[in-house]
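A quick write-up on the structure given underneath.
Scope of the values below: all heavy atoms of this structure, side chains included, with no hydrogens, waters or symmetry mates.
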Amino acid sequence: MKKPKIGLLFLAGDSWWDAGVCDAKEGPYAGFLDLVRRDCRAAAAALSETADVVATDLLHTVEETIAAARFFNAQDLDAILFCPIIWTNDRPVVAFIQEARRVPVMLWAHDPYGRLLPHYHIEEWLRASGPVSVQQCSNIFRRFGWAYESVFGSEKDPRTLRRIHAFAAAAAVRSGLRGTRIAVLPAPCQMVMSTWADAFHLLERFGVELLHVSVEEYARLVDGISDNDVDEYEAYLRALCPITGVTDDELRASARHALAMVRLTEENGLSGIAIEDFHPEFYRRFGFRPHLAHPKLGEFGCIVGMEADVPGILSALIASRLANRPGMFNEFFTIDRDAGAILMGHPGYGEPAFGDPATFMVTRDLEFDPSQPAGAWLSYRAKPGPMTFFNLTPECGNLKATAFRGVEEGGPRLMDGYAHMLVRISGRVERLFERIVQRGLIQHWGTVHGDVMPELECFARMTGLDLVVLDE
């Protein structure tokens, strides 16, 4: 994922020039302006490590902020970081707001010292007066109807950089969702109706487009896969992990489908595929459901989910992009209230990059009796580490957003056939389960390794989602 593109504006009060503070050659203010400009350069340099930063000089007039707004408007920014680095006047702020294109904004209360000084000389205090200016500017932004985030501290404080990074990542994901395409193959799920979502709502709120793909369209892709490509993928799987209970014909047929999913993704620029794997046309046309994953889908950033659950795929896609790591379409299975553990996972398309390679295995589709035709699938236990879980559940034409955090400690497989994980949380698992049920959430959770709760909270505010965090 490309770096977030952030406009960084530094502002100071024009009155300090009128008072001779910024032009002083001697006395307490000699060199003051150089110090403030040095603070600006250090801040911009630190942020440039994780973002594409378009920074202004230290501005102080209406004309300069209008010019900065017009420059930012032409840059296709994901967000703006507005830093009145010392106390400023309101007219340049108003001028900027009136001229700038609306994107997510964060107000930065810059603190050059990282602590309270034992005593402030006047020039030392003025250099640290940014928090006063942010409070003042917040009223102007709010009165003009702009939503904003805020952050306190300097670029030397990891906590400050973490908040700015979360804000920037959320803004980039928000803008990057525009034009995102999720295929529905072939139709909404009749067995799991709670996955049904309003396609226009997804387009209006997130810019996400749905593409309906018929079984016959998909079958043409399957038929177009060459035997040589199937040979290569079959050899890859046999070298990757044990294959048990799968005939050569079943493995080759499933490999052909996995390659067809890759081609579907490439040809249509997909970021998600919502498979209605219970659809009778799959069984009529192929005799089994297509469930074998291919690692290229993860490389493309494409997430595959079952039961045609578009919101479930979208939740995994958002979490994955916020974390800049592979995501998994996941399901809350059951709990062990005494061990404080949650068993989660899903049959079918387990993203290979999410799993512990030592636990990989290819088996038949175990949800069918051995007497019935079936395809193959890849399963595993997830890699260990902290995780974030994000749920989007349709309700009354809207989407409810919910999240919690946990840890997969790693270990041997705990299940046959399914990609799965054993998650421990800081609170009571029974209480978590009760809250999930009381909120009326569908069972599917977008899952990523790492803690992206700060990013999720910023993203929710930017997109108007009412996010409920279930961590205790």
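In this pair, Phe96 and Phe82 present their aromatic rings tilted. The plane angle is within the 30 to 60° band. Using a 30° and 60° split on the angle between ring planes, Phe286 and His257 fall in the perpendicular class, above 60°. Ring geometry, Phe141 versus Trp146: the interplanar angle exceeds 60°, so the pair is classed perpendicular (tilted spans 30 to 60°).
In this structure, NZ on Lys156 lies 4.0 Å from OG on Ser154, to the nearest 0.5 angstrom. To the nearest 0.5 Å, the span separating CH2 on Trp108 from CZ on Arg163 amounts to 12.5 Å. The CG atom of Leu9 lies 11.0 Å from the CG atom of Leu107; values are rounded to the nearest 0.5 Å. Of the inter-residue distances, the one linking Leu314 atom CG with Thr180 atom OG1 reads 8.5 Å to the nearest 0.5 angstrom. With values rounded to the nearest 0.5 angstrom, Glu250 atom CD is found 11.5 Å from Ile243 atom CD1. Expressed to the nearest 0.5 Å, how far CH2 of Trp377 lies from CZ of Arg289 amounts to 5.5 Å.
Pairs of residues two or more places apart, or lying in two chains, that qualify as salt bridge (charged side-chain N to carboxylate O under 4.0 Å, His left out) and include a residue from residues 443-466 are Glu149-Arg461, Arg162-Glu455, Arg405-Asp451. Counting only residues at least two apart or in different chains, salt bridge (charged side-chain N to carboxylate O under 4.0 Å, His left out) contacts with residues 256-273 comprise Asp227-Arg256. A salt bridge (charged side-chain N to carboxylate O under 4.0 Å, His left out) check over residues 184-199, counting only residues at least two apart or in different chains, returns nothing. For residues 300-317, there are no salt bridge (charged side-chain N to carboxylate O under 4.0 Å, His left out) pairs, not counting sequence neighbours.
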Apply side-chain contact (heavy atoms from CB on, under 4.5 Å) to residues Leu470 and Phe389 and explain how you reach the verdict.
CA-CA 10 Å; Leu470 300 182; Phe389 304 87; over 6 Å; no
The test is side-chain contact (heavy atoms from CB on, under 4.5 Å); show your working for Asp365 and Phe288 and say whether it passes.
CA-CA 9 Å; Asp365 182 339; Phe288 63 93; over 6 Å; no
Using side-chain contact (heavy atoms from CB on, under 4.5 Å), reason through Lys2 and Asp78 one step at a time and then give a plain yes or no.
CA-CA 11 Å; Lys2 68 180 181 68; Asp78 294 314; 4.0 Å; yes
So Asn228 and Ser226, side-chain hydrogen bond (donor to acceptor under 3.5 Å, both in side chains) or not? Walk me through it.
CA-CA 5 Å; Asn228 285 339; Ser226 71; 5.3 Å; no
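Taking all atoms of both residues into account, the shortest heavy-atom contact from Ala353 to Pro326 is CB-CG, 3.6 Å. The nearest pair of heavy atoms linking Val362 to Val246 is O-CG2, 4.2 Å. Nearest heavy-atom pair, Ile303 versus Ile313, reported as atom, atom and distance to 0.1 Å: O-CG2, 3.7 Å. Closest of all the heavy-atom pairs between Pro4 and Thr50 is CD-O, 3.6 Å. Of all the heavy atoms in Arg205 and Thr463, the pair that sits closest is NE-O, 3.3 Å. Scanning all heavy atoms of the two residues, the minimum distance from Ala341 to Arg424 falls at CB-NH1, 3.7 Å.
A donor-acceptor pair is defined here as one N or O able to donate and one able to accept, closer than 3.5 Å; no such pair exists between the side chain of Lys5 and the backbone of Val54. At least one donor-acceptor pair under 3.5 Å links the side chain of Glu217 to the backbone N or O of Ser214. Between the side chain of His449 and the backbone N or O of Lys383 there is at least one donor-acceptor pair closer than 3.5 Å. Distance alone, capped at 3.5 Å, places no donor-acceptor pair between the Ser254 side chain and the Leu251 backbone.
Asp157 pairs by the side-chain hydrogen bond (donor to acceptor under 3.5 Å, both in side chains) definition with Arg159, not counting sequence neighbours. The side-chain hydrogen bond (donor to acceptor under 3.5 Å, both in side chains) search around Glu430 returns Arg337, not counting sequence neighbours.
The side-chain heavy atoms of Phe278 and Gln190, taken from C-beta on, include no pair separated by under 4.5 Å. Under the 4.5 Å side-chain criterion, counting only non-hydrogen atoms from C-beta, Ile335 is not in contact with Leu432. Residues Phe282 and Ile275 form a side-chain contact, since some pair of their non-hydrogen atoms from C-beta on lies under 4.5 Å apart. Looking only at side-chain heavy atoms (C-beta outward), Cys189 and Glu276 come within less than 4.5 Å of each other. At least one side-chain heavy atom of Cys241 sits less than 4.5 Å from a side-chain heavy atom of Leu378. Using a 4.5 Å heavy-atom threshold, the side chains of Tyr148 and Arg142 count as touching. Met261 has its side chain within reach of Leu185: a pair of non-hydrogen atoms, C-beta onward, lies under 4.5 Å apart. Side chains of Tyr218 and Ile273 form no contact here, defined as non-hydrogen atoms less than 4.5 Å apart.
For CD of Glu216, the number of neighbouring non-hydrogen atoms (other residues, nucleotides, ligands) closer than 6.0 Å is greater than 12. Surrounding CZ of Phe333 are more than 12 heavy atoms belonging to other residues, nucleotides or ligands, all under 6.0 Å away.
Thr247 and Asp249 form no side-chain donor-acceptor contact under 3.5 Å, judged by distance and modelled atom types alone. Looking at Thr402 and Arg435, their side chains never bring a donor and an acceptor atom within 3.5 Å of each other. Side-chain contact of Asn391 with Thr393: a donor-acceptor pair under 3.5 Å is present, judged by distance alone.
The pair Glu99-Arg70 meets the salt-bridge criterion, with a side-chain N (NZ, NE, NH1 or NH2) lying under 4.0 Å from an Asp/Glu carboxylate O. Under a 4.0 Å N-O distance rule, the pair Arg284/Glu281 qualifies as a salt bridge. A salt bridge is absent between Arg364 and Asp416; no separation between the charged side-chain nitrogens and carboxylate oxygens falls under 4.0 Å.
If you run side-chain contact (heavy atoms from CB on, under 4.5 Å) between Met415 and each of His420, Met421, Arg381, only His420 comes through. A side-chain contact (heavy atoms from CB on, under 4.5 Å) with Leu259 is found for one member of Lys296, Glu232, His294 and no other, namely His294. Just one residue in the list Phe360, Tyr418, Phe354 forms a ring pair (Phe, Tyr, Trp, His ring centres under 6.0 Å) with Tyr380, and that residue is Phe360.
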